[in-house]
Amino acid sequence: MKKYILDVQLPNINKRLSYYTKSDVAIGRGSLVDVPIGEKSLLGVVEDVKEASEEDLLELKSVNSIYEKRFFNEDLYRLYKFVCEYYFAAPNSALGLFPSFNIKLLSKNKVKISEKGREVLNYSLLISDDLKGFLELLNKREYDLSYIKGKYKETYRYALSEKLIDIVSETTSKGDRANLDLCEKANEIDKWKNLATLNEEQAKAFKYFKGYLNKYCELALVGTTGSGKTEVYLKLIIKVLQSGKNVLLLLPEITLATHFVDILEKRFPHLVHVWHSQLGKSERNRLLNIMPYLTEKIFIGPRSLIFLPINDIGLIIVDEEQSENYKQDDFIRYDARILARERARSNNCPILYVSATPSVNLGKKILEGEISSYYLSKRFKEFNLPKIKIVKRQSFYGTFSEDFIASLKEIKERQEQAIIFVPRRGFYPFVSCADCGELVKCKNCDVPMCVHMIKGKRIYVCHHCGYKFTRDPVCKRCSGINFKQYGAGSQKITQELKNLFPNANVERIDSDSVNTHSKLKGVLQDILDGKIDFLVGTQIITKGLNFPKINFVGIPFLEPLTSMPDFRSFEKLYQLLVQVTGRAGRYSMEGKVVIQVSEEQLPIVKKFTTISYWDFLLEELELRKEMFCPPFSHEVIFRWNGKLSEVKEEAKRFKVILKDVYNLFDNGDIKVTAPKFCPILRLHGNYRMYSLIRFKDNATRKDFLEILLSRYSPKDKKIFIVDVDPLYYF
């Protein structure tokens, strides 16, 4: 039997470790292995393999177990390598993204006597009685690791260090037959229930996309809000399931996942598996154990879904493609849309982007013919788009116009429902000194504190770091104690509506009010059941929710959405207006929207509520081309977060190296912004500086960054961040 040395990469350990294994079959790169680390046992991935001699093995520990490729297949291994290369991520950090390396039910560790242990036992007169008894015990049979460590702690440590024992792992997923059989029985159930009959336009879209199944390609389904895009891809899902393959449905929010799961389970009973961060640990482990063996299933969830050990993928759908939530904003700043594309390529299957307002990046690809697309121009059942009325607001935030109140009264009298969109959560977004005007800011962050009301008590909260206090503030500039509050968050708007309509049931959806999956599911069900008259919410409610009785959408104000220091601000505002107004009148001819704006906002809001997506896209592309902004360039941001002195020192070092590397390239292909302070100077107690670089193409970016990062390494890596394809500069 040949022996091999395996170089194994483990999550959260920044170097590869070597182990040996005995095997009749050569172990390949990307294999998932269980290896000993001290007294622990961890899962890692094999990065290199070579044959071993007896001399090579003297200092090495043995691998406990080698698992089936299904738990970390070639598809996931390629994705892991792509993350490392594209995002310049450390391998140990990249592995931390994959749930396969956190499976707790995958293996049961046991202890058995090794060949060396048996040899030592033959010379039992030369060893201690404790060790002799320990080895004799294991010579009879294997024991659970937890039992041995608890009863023979010191002897176990000695025997492990001298290689007298081996730790082995048994895969328990094959023994989890009850769960697996339950899933397999779904194949015998009538799978296609309650599916809508497609109209002529939808049927043409379905026929168009059906021709692209069974091969890798990028597709886009674009359509006005309420045009029935979901029904089209549900028909495509049927074709994929009938071919014996799985479907991945990515959604930007847990809110949408909750909403869609209820819809899909009625259509596809027993075939839907949901994944998100609020699943219990035991449920996550159960899913991870059976997931690699499942076929003909629909897997639904937010961006982390893309890292799951799902095999036999026949279609990947990215719904609400325009959402920024597909971009991770900490740790490794990956974009799930990009990773979904790479996974589709590995599985030789199509990826379908779905949106009423595709991102400008995707829109450019559609216009240039790089992506095959279909546009649904009409609402389902020929319902009209809602009528939009724009009203000038006389005062700052929170005061409803007569038109606004009259529309709500009419909705209440007709026993219909309304959505009121508010950009900010909390009660008062701003508090300032009445004497000198100084804002009350967080002690850790350079941002205003927001007032929340909890059980009638005023609490000041920072929405960035979570710092809070309840005492009355004292002005840091003039020591004044008189303060005024202004602005309105979702909490204040909810309270105002309750005061105006005491007989109405007013509920709120934001990250404060629905902080658990069960609460969120309860509110969504209450809307469907007609128990809620007015629903107040932040951007959580703007995408994908489909409620038959919602015939009015109100937007009391649009600040701060019209004042973002970002070249994407027009894109974000346009998408939000289309998406949120599209919630109204999806099952009615009488949908209505009222938007209250300031004098300055009036022209742009009027334009964005009347212009088509394609006209907007053409204007936006022309503007961005002049500015050398994405999608006409490829960005990367370097950011430093730490003490002011170390941040300035590192930025200064970086600037010198950046200049030298810049001179090696054609300057026309690269635009460099030297390090400067971020618009928000301080967050979480750290000062912040950044440098933005734009490249003409991805190849130039890759070559440039490889040289730059080989020459520059910060003294403390914890303060340095590389963000490829950033969405935020501040």
Side-chain angles (χ1 to χ4, degrees), residues 71 75-76 79 83 96-103 179 183 186 230 233-234 237 240-241 245-268 270-329 331-332 334-344 347 349 351-355 511 514-521 524 540 543-545:
F71 285 102
D75 170 21
L76 288 180
L79 188 67
V83 170
L97 296 171
F98 293 83
S100 294
F101 295 91
N102 294 309
I103 301 176
N179 289 324
C183 296
T230 301
Y233 71 63
L234 289 183
I237 286 175
V240 175
L241 297 182
K245 294 190 175 182
N246 293 311
V247 175
L248 268 63
L249 173 54
L250 273 76
L251 299 166
E253 304 262 9
I254 292 177
T255 317
L256 277 181
T258 302
H259 185 58
F260 267 65
V261 166
D262 290 340
I263 295 172
L264 291 175
E265 284 183 341
K266 291 176 183 176
R267 311 285 186 93
F268 305 96
H270 302 280
L271 300 184
V272 180
H273 295 276
V274 62
W275 177 271
H276 53 71
S277 60
Q278 293 188 14
L279 283 181
K281 189 175 181 181
S282 61
E283 177 62 13
R284 289 165 70 91
N285 280 314
R286 187 192 72 82
L287 274 174
L288 286 170
N289 273 284
I290 64 173
M291 195 174 283
Y293 301 102
L294 301 178
T295 56
E296 299 181 48
K297 302 295 180 291
I298 304 168
F299 297 93
I300 181 172
R303 58 178 178 260
S304 60
L305 184 76
I306 204 64
F307 299 108
L308 293 179
I310 300 166
N311 294 282
D312 305 313
I313 299 173
L315 174 65
I316 299 177
I317 301 169
V318 182
D319 205 349
E320 302 292 345
E321 175 277 337
Q322 79 286 348
S323 175
E324 294 180 350
N325 288 339
Y326 284 119
K327 172 78 172 179
Q328 172 89 356
D329 60 2
F331 192 46
I332 296 174
Y334 68 86
D335 191 319
R337 292 165 293 195
I338 293 174
L339 300 189
R341 181 193 66 202
E342 294 305 311
R343 197 150 189 203
N347 283 273
C349 73
I351 178 171
L352 175 65
Y353 307 107
V354 182
S355 178
S511 55
V514 288
N515 52 9
T516 67
H517 183 254
S518 59
K519 285 183 181 178
L520 174 59
K521 191 170 183 178
L524 294 179
I540 294 175
K543 297 182 284 286
L545 297 179

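Predicted model only: the values in this text are computed from it and were never measured. The residues of the chain are indexed from 1 along the displayed sequence.
Note that the CD1 atom of I310 and the NZ atom of K245 stand 14.5 Å from one another [nearest 0.5 Å]. The distance from the CG atom of L520 to the OG atom of S511 is 11.5 Å, given to the nearest 0.5 Å. For the atom pair CG (L234) and CD1 (I263), the distance works out to 8.0 Å, reported to the nearest 0.5 Å. Note that CD1 of I298 and CG of L249 are 8.0 Å apart. Values are rounded to the nearest 0.5 Å. From Y326, atom OH reaches atom CD of E321 across 8.0 Å, with rounding to the nearest 0.5 Å. In this structure, the separation between CZ on F331 and CD on Q328 is 8.5 Å, given to the nearest 0.5 Å.
Residue K297 is tested with V272, N246, L241 for a side-chain contact (heavy atoms from CB on, under 4.5 Å); the sole match is N246. The only member of V261, L250, V247 that meets side-chain contact (heavy atoms from CB on, under 4.5 Å) when paired with I300 is V261.
Judged by distance alone, the side chain of S100 and the main-chain N or O of F71 form a donor-acceptor pair under 3.5 Å. In this structure, D319 contributes its side chain and L251 its backbone to no donor-acceptor pair below 3.5 Å. For R284 (side chain) and H276 (main-chain N/O), a donor-acceptor pair under 3.5 Å exists by modelled atom type. Judged by distance alone, with hydrogens and angles left aside, the side-chain atoms of N347 form no donor-acceptor pair with the main-chain N or O of C349 at under 3.5 Å. No donor-acceptor pair closer than 3.5 Å links the side chain of R343 to the backbone N or O of D75.
Taking the six-membered ring where the residue is Trp, F260 and Y233 present parallel rings, their angle staying beneath 30° rather than reaching 60°. By the 30° and 60° cut-offs, the orientation of the rings of F307 relative to F98 is perpendicular.
Annotation for V274 and L279: closest pair O-CD1, 3.4 Å, computed over non-hydrogen atoms. In this structure, R303 and A336 approach most closely via the heavy-atom pair CB-CB, 3.4 Å. The two residues I313 and I316 have their closest heavy-atom pair at CG2-CG1, 3.8 Å. Nearest heavy-atom pair, A340 versus I306, reported as atom, atom and distance to 0.1 Å: CA-CD1, 3.5 Å.
Residues I317 and V354 meet the side-chain proximity criterion, which asks for heavy atoms closer than 4.5 Å. Inter-residue side-chain proximity for H273 and L294 is flagged as met; some heavy-atom pair is nearer than 4.5 Å. L308 is listed as a side-chain neighbour of P99, based on a closest heavy-atom distance under 4.5 Å. Using a 4.5 Å heavy-atom cutoff, the side chains of I351 and R337 are not in contact. Residues Q322 and Y353 fail the side-chain proximity criterion, which asks for heavy atoms closer than 4.5 Å. Looking at heavy atoms from C-beta onward, M291 lies in side-chain contact with F299 at the 4.5 angstrom threshold.
One finds a salt bridge joining E283 and R286 here, because a Lys/Arg side-chain nitrogen approaches an Asp/Glu carboxylate oxygen to under 4.0 Å.
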| Step by step, would you call L248 with L315 a side-chain contact (heavy atoms from CB on, under 4.5 Å)? | CA-CA 6 Å; L248 268 63; L315 174 65; over 6 Å; no

| message | With side-chain contact (heavy atoms from CB on, under 4.5 Å) as the criterion, how do D262 and K521 come out once you've worked through the C-alpha distance, each side chain's angles and the decisive distance to 0.1 Å? | response | CA-CA 9 Å; D262 290 340; K521 191 170 183 178; 3.7 Å; yes

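E253 and N325 form a side-chain donor-acceptor contact under 3.5 Å, judged by distance and modelled atom types alone.
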